[in-house]
Number of protein chains: 2
Amino acid sequence: MKKTSIKDIAKHLNVSVPTVSLVMNGRGDEKRISQETQKKILDYAKAQNYKPNVFAKGLKKGRSEMIGLIIPNISDVFYARIASRIEKEAAKQGYTVIYSSSEESGKKERELIRSMLDRQVEGLIIASTQKNEVDILELKRMNFPFVLVDRHYPNIETDYVIVDNKGGTDKAVSHLLSCGMTKIGFVTLTPELDAIKNRFLGYKSALENHGIAFNPGYVQELNVENYEQEMYGAIDRLINSEPPIDSILFTTHFLTAFGLRELRARQIRVPEDVKIISYGQYSVFDLIEPPITAVTQPVLDMGDQAVDILLGKLKGRSNENSQVVLETDFISRKSCCDER
Amino acid sequence: MKKTSIKDIAKHLNVSVPTVSLVMNGRGDEKRISQETQKKILDYAKAQNYKPNVFAKGLKKGRSEMIGLIIPNISDVFYARIASRIEKEAAKQGYTVIYSSSEESGKKERELIRSMLDRQVEGLIIASTQKNEVDILELKRMNFPFVLVDRHYPNIETDYVIVDNKGGTDKAVSHLLSCGMTKIGFVTLTPELDAIKNRFLGYKSALENHGIAFNPGYVQELNVENYEQEMYGAIDRLINSEPPIDSILFTTHFLTAFGLRELRARQIRVPEDVKIISYGQYSVFDLIEPPITAVTQPVLDMGDQAVDILLGKLKGRSNENSQVVLETDFISRKSCCDER
DNA sequence: CACAACAGCCAAATCGTTTTGGCAAATAAG
DNA sequence: CTTATTTGCCAAAACGATTTGGCTGTTGTG
């Protein structure tokens, strides 16, 4: 039960291989193959369930109809949802996705980029570690189609789809201030990623705009590799700070979860003793006690747009760079001053 | 800056194409190519950063070094974690993963299987919709390497890695019974999947083993497409049943989340009025009020073993079927009678 | 009726590998 | 000094498609 090839079809119908190829690619009319012959070929091909060999096609045309997706970690809900959307959109347009996780390692990211290029993907969507300026520049230099998603390199001109991180934390802080909180702790990651830096900027600028002095002691930066251990000390320092904090803004969904565990362990009540807001969310944040007020990111939109831009480039539409910054949403719940 | 091909290398070094090919594939010694020539070739290849063209290679060898992963939905944490593990393990052994979501549609699943075969994947890992007996049989008939994960076809002999669903719910019910609960509601999906059927069997057999009569009115089956809407009625019927339930076992993580929302909306207190247990979990179940007692599934293990079995087959190790049933874990928290 | 134009198809080259079946020169054996 | 063996390499075919540049035979034009 070998797969039927173009040659089999040609032989069986007493036509030449090129004729079959042309017809199968819809170029029969253009090349003046008679309707009769065309029909004969198409019918037989369908009957035999003929599928062109992707390798032969790829070899000849240099096109693979695959795109590569490189993300830090697909088991994170956030990236999983982006990936899901990307796969769905790409499939609609006939592209298959191959994915790999960089695990926040610049080295791994670089290997993945290379290996995907070796596999002849036609384009890349990357949520970069941002430790890899060289490779991004190289991709750019090669004029290879790619789109950065969620994380971009601020000083390289590329296509990207990101979130207004600064606006997001600004919203959160403004909300806290409007509840009368002024001693706002900020639990974040070490600012390697631009997104994280911007979340800090949003925090700072919101304070500034409301005339509240910035207290560096309120800022706790944890290492992404080790935040579970470091959370203990961070919360410790915040509640023992002078003056003690009255609220905390966590900059990622997982920081919020671990921070909350730590607060609970110390019997600190939320929101009575300390109000909290999360930048980023889990789907069950509404079920937590208290339900968590959160800034949410437009995950699905991000996936959709990334694919759109990439496929647009592949299909030759538009050559200029698309730089999309999506706005966050804000869900007010009980962990802050809201009674909803 | 065209990519260097084997031909370029051959020409530059005044050797023949086959010589280069053999050396690059480590068959130089076997084919008695002198060390000198070998070194020359390897050095130049490295210098030119030569990478074989995957299409040409694939065309000739019929091997793609890709495996396909078909899951219902990659944005579900459960499958995302499996996928993450599969990708990682496969990468270690030089395989690339292409994935697609079937969205619980048998038709889509069948298309995906075909399209992945067209793409010449060497093997498949499938968390099947179980609506596709024909295709699975066909794969078997073709002797195509594949492993079912999480969901299998009980009456087809295949390789699979699944979870002891029955044992899981048995544990849960036994725990409830040991807390003195005897009127146990069972909120589940319509039993299309074998896994869901087995969760029901575990429920029933645990009751039986403890001499508790089975009350069909306690069983609520929701449609997976529409469970959010149907949850309202389900909870309604359970609390108005005769006698009213004292506890509920939900059979998936998302049913638990929606069920809990519904209980809250009616001001039913957990665990005071109704105790609940979840089969399956979210990572933040400990933060919910009350923290949710849950049966947890060995997700990572499942991914690991699936890849192991598949790659084992691809590499010709072992020909018999591997049928792995993994045990669940149980985490006791406050939503049940435990005070932890 | 000669020639041009067109309809309808095909031969051969090509993409970059791998694999089979050698062949020439050097060395060893008799 | 033959003959056999080994060493070191290569030519050519093959994988399955696409593409270029034709080549026939029919129809139309002057």
Side-chain angles (χ1 to χ4, degrees), chain A residues 1-42 44-45 48-66 94 117-122, chain B residues 1-42 44-45 48-66 94 117-122:
Chain A
M1 227 221 32
K2 208 172 115 285
K3 283 195 58 168
T4 36
S5 76
I6 230 177
K7 210 186 287 180
D8 302 329
I9 299 182
K11 197 172 296 171
H12 182 263
L13 297 176
N14 275 316
V15 294
S16 75
V17 167
T19 306
V20 179
S21 172
L22 289 171
V23 171
M24 293 311 295
N25 287 294
R27 300 178 56 200
D29 290 346
E30 172 196 339
K31 289 291 188 167
R32 304 182 315 254
I33 309 294
S34 70
Q35 295 310 313
E36 193 190 356
T37 311
Q38 293 206 34
K39 181 159 171 9
K40 196 169 67 174
I41 291 172
L42 290 173
Y44 186 69
Q48 293 296 302
N49 189 29
Y50 166 74
K51 292 288 172 67
N53 178 304
V54 285
F55 292 134
K57 192 167 191 164
L59 175 57
K60 193 68 219 232
K61 314 241 292 187
R63 309 202 325 104
S64 60
E65 293 176 323
M66 296 196 300
L117 291 184
D118 289 345
R119 284 206 176 271
Q120 315 270 355
V121 295
E122 292 184 33
Chain B
M1 226 225 27
K2 204 173 117 287
K3 285 195 55 169
T4 35
S5 75
I6 236 178
K7 211 186 287 180
D8 302 329
I9 299 182
K11 196 173 296 172
H12 182 263
L13 297 177
N14 275 316
V15 295
S16 75
V17 167
T19 305
V20 178
S21 171
L22 290 170
V23 171
M24 293 312 294
N25 287 293
R27 301 179 55 202
D29 289 346
E30 173 195 341
K31 290 290 189 170
R32 302 182 318 252
I33 309 296
S34 70
Q35 296 309 315
E36 192 190 358
T37 310
Q38 292 206 36
K39 181 159 173 9
K40 195 169 68 175
I41 291 173
L42 289 172
Y44 187 68
Q48 292 296 305
N49 189 28
Y50 166 74
K51 290 290 170 69
N53 178 304
V54 285
F55 292 135
K57 191 169 191 163
L59 176 57
K60 194 66 219 221
K61 313 240 293 185
R63 310 203 325 105
S64 59
E65 292 177 326
M66 296 197 299
L117 291 184
D118 289 346
R119 286 208 174 268
Q120 315 270 356
V121 295
E122 293 183 31

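Each chain gets a letter, A, B and so on, in the order its sequence line appears, and its residues count up from 1.
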Checking only heavy atoms, does the side chain of B:Lys61 share a donor-acceptor pair with the base of C:dT18 at less than 3.5 Å?
no
Roughly how far, to the nearest 0.5 Å, is NZ of B:Lys40 from NE2 of B:His12?
10.5 Å
Looking at residues 50-57 of chain A, who's got a heavy atom less than 4.0 Å off DNA chain C?
none
How many Å lie between CG on A:Asp29 and P on C:dC6, as a whole number?
17 Å
Between atom CD1 in B:Ile6 and atom P in C:dT18, what is the gap in whole Å?
5 Å
Mind grabbing the angle between the end helix axes of the helix from C:dC1-D:dG30 to C:dG30-D:dC1? Five pairs an end, 10° rounding.
60°
Which distance, rounded to the nearest 0.5 Å, do you find between the OG1 of B:Thr37 and the CD of B:Gln35?
9.0 Å
Spacing between A:Leu13 atom CG and C:dG8 atom C1', to the nearest angstrom
16 Å
At less than 4.0 Å, is any side-chain N or O atom of A:Lys7 found next to OP1 or OP2 of D:dC15? Yes or no.
yes
By side chain to side chain donor-acceptor pair (under 3.5 Å) - contacts of A:Asp118 (at least two apart):
B:Lys51
Report, as yes or no, whether the 6.0 Å neighbourhood of atom CD on B:Glu30 holds more than 12 heavy atoms from other residues, nucleotides or ligands.
yes
Please report the C-alpha distance between B:Phe55 and A:Lys60 in whole Å, then the side-chain angles of each, then the deciding distance to 0.1 Å, and finally whether the side chain to side chain contact (heavy atoms under 4.5 Å, CB included) criterion is met.
CA-CA 9 Å; B:Phe55 292 135; A:Lys60 193 68 219 232; over 6 Å; no
Could you grab the distance from atom CE of B:Met66 to atom CD of B:Gln120, nearest 0.5 Å is fine?
8.5 Å
What is the nucleic acid contact for B:Arg27, judged by heavy atoms within less than 4.0 Å: base, sugar-phosphate only, or nothing?
sugar-phosphate
Who passes side chain to side chain donor-acceptor pair (under 3.5 Å) against B:Lys39, sequence neighbours left out?
B:Asp43
Distances for protein N/O vs nucleotides 4-11 of chain D N/O pairs under 3.5 angstrom?
residue, atom, partner, partner atom, Å
D:dG8, N7, B:Arg32, NE, 3.4
D:dG8, N7, B:Arg32, NH2, 2.9
D:dG8, O6, B:Arg32, NH2, 3.3
D:dC9, OP1, B:Thr37, OG1, 2.8
D:dC9, OP2, B:Ser34, N, 2.8
D:dC9, OP2, B:Ser34, OG, 3.1
D:dC9, OP2, B:Thr37, OG1, 3.2
D:dC10, OP2, B:Ser16, N, 2.7
D:dC10, OP2, B:Ser16, OG, 3.1
D:dC10, OP2, B:Thr19, OG1, 2.9

As an exercise, state the distance from OG1 of B:Thr19 to CD1 of B:Ile33, rounded to the nearest 0.5 Å.
5.0 Å
Which whole-number value in Å describes the distance from B:Leu59 CG to D:dA14 C1'?
9 Å
Which residue, B:Leu42, B:Thr4, B:Asp8, forms the side-chain contact (heavy atoms from CB on, under 4.5 Å) with B:Tyr50?
B:Thr4
Per side-chain contact (heavy atoms from CB on, under 4.5 Å), A:Val23 is matched among A:Ile41, A:Asp29, A:Val15 by A:Ile41
Sequence neighbours left out, what passes side chain to side chain donor-acceptor pair (under 3.5 Å) with A:Ser64? Give chain and number order.
none
For B:Lys60 and D:dA17, what is the distance between atoms NZ and P respectively, to the nearest whole Å?
15 Å
